[in-house]
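What follows is a short report on a single structure.
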Amino acid sequence: MTSVQHSSSQRFTFRKDERLCSDKIIAGLFQSGIFVSKYPFRLNAMRLPQGTPGPRLQILMTAPKRTFKRAVDRNRVKRLMREVYRVQKHRLYEELEKLDMHLAAALIFTGREILSHAEMEKAFAKILERCLAALPEWKERSA
RNA sequence: GAGGCAGUCUGUUCUAUCGACUGGCGAAAGCCAGUAGGAAAGUCCGGGCAACACAGGGCACCGUGCUUCCUAACGGGAAGGGGUGCAAAGCGCAAGCAAUGCACUACAGAAAGUGUCGCAGAAACUAAACCGCCUCUUCUGAGGUAAGGGUGAAAAAGCGGGGUAAGAGCCCACUCGUGCAGCAGUGAUGCUGCAUUGGGAUAAACCUCACGGGUUGAAAGACCAAAUAAACCCAGGCCAAAAGCGGCCCGCUUCGUGACUUCGGUCCGUCUGGGAGGGUAGGUCGAUGGAGCACAAGUGUGAAUUUGUGCCUAGAUGAAUGAUAGAAACUCAAUGCGUUGAGUACAGAACCCGGCUUAUAGGACUGCCUUUUUU
RNA sequence: GGGCUGUUAGCUCAGUUGGUUUAGAGCACUAUCUUGACAAGGUAGGGGUCGAUGGUUCGAAUCCAUUACAGCCCA
């Protein structure tokens, strides 16, 4: 019926501490220049120092006001992005655990139109592959 | 019955799985409850709240503009008055007046002053003589005239009669306007009487009058934690001049009884403003129980308001209120009458309220208009 | 959250304050002259609901109100 599979080890939560809230980190994030891009997404990233408390990855989702004029549309896009991330995030967590990295990230929607949930899922899987491939390189650069 | 327009109200529901935020319970795992709108929007207005400023007066600036009322307040609303447009019983010889109905109305002052009124036209503002009309005449002009023509958005009340050389409020009746008085009304204003020839428009042009307005907005502001630098540079004030009263003036208020001196100033202290540089950029409060909502009764034409009873109804902060699947309801299209397909508006709180304006699929109700059928 | 500005020809802008005259300039476009042909240049011409709706006025791109769409600023 649904694509979501129940598992005792993995839960598809998205709590407050997984979200990126710090003003300071966000400012640094967009200056770092580290990103991967795959239409209709763009993912900016910045490595956090070792031993940062909380989860391995803090992330924020956003949709630009320039392409989505109405607040309803921006909310819709951000909510879809959150749901898609929530389901697929465990692959990233595993990889980060292996490399012993902490990461801050911003997921930006660069498309022009709102996609359906199924299209979003496919598109996010693609950018996730690119991101995983780039992780070791990011570790070298920031070290 | 069908279609259109305007107004008011309403504006999808249920189940499963995976989540988010707030509150409660719990040692924890977790469980339970709640979680977007009528416009949350535009930011066009008005308040609450907060900080700073503040003897008082005048000018300037900005806003509002029929009256009375409602309201915490308003540029909002209610009721009323006037005006304009359309229809119009009726009255009048006519000009015209006009009960009543519907719609609209930013509606103070143009006899305080200034500006503007192109083209056309003879003449456009304390007016004028082109054609015309009349009188005189040396036949070319002089004078009278504001009926008629023509121009214009607008030509200095209208119409009928008298009067006259021709004409003219020159005189009279009626109508309109203005002024004064009386009456009615809280008032805008209306009615009646008397007087009066009574010489334009524009104030959404300047302006005048009346009333109102201190400035800045929750990125206001308060507290806690962390960090830190009472340092440095420049300008100015400190007993008679400057600063302040966030535009200006009057006026008012405030601040070294320091040291040295060649009396020009210098130094010290202190205050104010600016520069450069450094640190932090986390949390709590503000902040969700309020001009609150629902119902009933009373008062009022109404907007509203009083009393009683009941209810608690989002509170995020890089920002929750969601995603997926299935079913139902409604609408539309195709129908093989079994169904199949598509669609379900406008739109997302950011301190909170009261209005205004704008957007809105479908449904319900009310009013008006058009058309068809029947009686 | 709070505030400010703009919208005129296909493009870039004047004109708006202070109303009536013809809405104008440059580039572009069309025709034509010149050239063997093109460019440049000369001559002539076309092209505007002045963002929209309503109001004030005799008359509105201009004044007033509402509205739509752009752009900018404030820690």
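Numbered from 1 within each chain, the chains take letters A, B, ... in sequence-line order. What you are looking at is a predicted structure, and each value in this text was computed from that prediction instead of being measured.
Stem analysis of RNA chain C (Watson-Crick or G-U pairs, both distances under 3.5 Å, runs of at least three) returns C:1-7 with C:68-74, C:10-13 with C:24-27, C:29-33 with C:41-45, C:51-55 with C:63-67.
When both pairing distances are held under 3.5 Å, B:A329 makes a Watson-Crick or G-U pair with B:U344. When both distances must be under 3.5 Å, the Watson-Crick or G-U wobble mate of B:U305 is B:G298. Pairing for B:C25 is with B:G30, a Watson-Crick or G-U wobble pair whose two hydrogen-bonding atom distances lie under 3.5 Å. Under the Watson-Crick or G-U wobble criterion, with both distances below 3.5 Å, B:A201 is paired with B:U116. Nucleotide B:C365 forms a Watson-Crick or G-U wobble pair with B:G7, both donor-acceptor distances falling under 3.5 Å. If you check B:C191 for Watson-Crick or wobble pairing at under 3.5 angstrom, you find it paired to B:G182. Pairing partner, B:U360: none, since no Watson-Crick or wobble contact has both distances short of 3.5 Å. Pair assignment for B:G177: B:U196, on the basis of Watson-Crick or G-U wobble contacts that are both within less than 3.5 Å.
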Could you write out each protein N or O paired with an N or O of nucleotides 20-25 of chain B at a distance under 3.5 Å?
residue	atom	partner	partner atom	Å
B:C21	OP1	A:Lys16	N	3.2

Check nucleotides 344-347 of chain B against the protein and report each pair of N or O atoms closer than 3.5 Å, with its distance, or say if there are none.
residue	atom	partner	partner atom	Å
B:A347	OP2	A:Arg70	NH1	2.8

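Residue A:Lys78 is classed as having no contact, given no heavy-atom separation below 4.0 Å to the nucleic acid. Here A:Ile26 lies in heavy-atom contact (under 4.0 Å) with a base.
In summary, contact between chain A and RNA chain C, defined as any nucleotide atom under 4.0 Å from a heavy atom of the protein, begins and ends at C:A70 to C:G71 in the 5' to 3' direction.
B:A154 and B:A201 are spaced 7 Å apart, taking the C1' atom of each and rounding to whole Å.
Listed by chain and number, the residues in a ring-ring contact (aromatic ring centres under 6.0 Å, His included) with A:Tyr39 amount to none (sequence neighbours excluded).
Note that the SG atom of A:Cys131 and the CD atom of A:Glu95 stand 9.5 Å from one another [nearest 0.5 Å].
Between A:Phe14 and A:Tyr85, the ring-plane angle classifies as perpendicular under the 30° and 60° cut-offs.
The pair A:Arg86-A:Glu83 meets the salt-bridge criterion, with a side-chain N (NZ, NE, NH1 or NH2) lying under 4.0 Å from an Asp/Glu carboxylate O.
Applying the salt bridge (Lys or Arg N to Asp or Glu O under 4.0 Å) test to residues at least two apart or on different chains, the pairs with a partner in residues 53-64 of chain A are A:Arg56-A:Glu97, A:Arg56-A:Asp100.
By the rule that a glycosidic angle within 90° of 0 means syn, B:G246 counts as syn.
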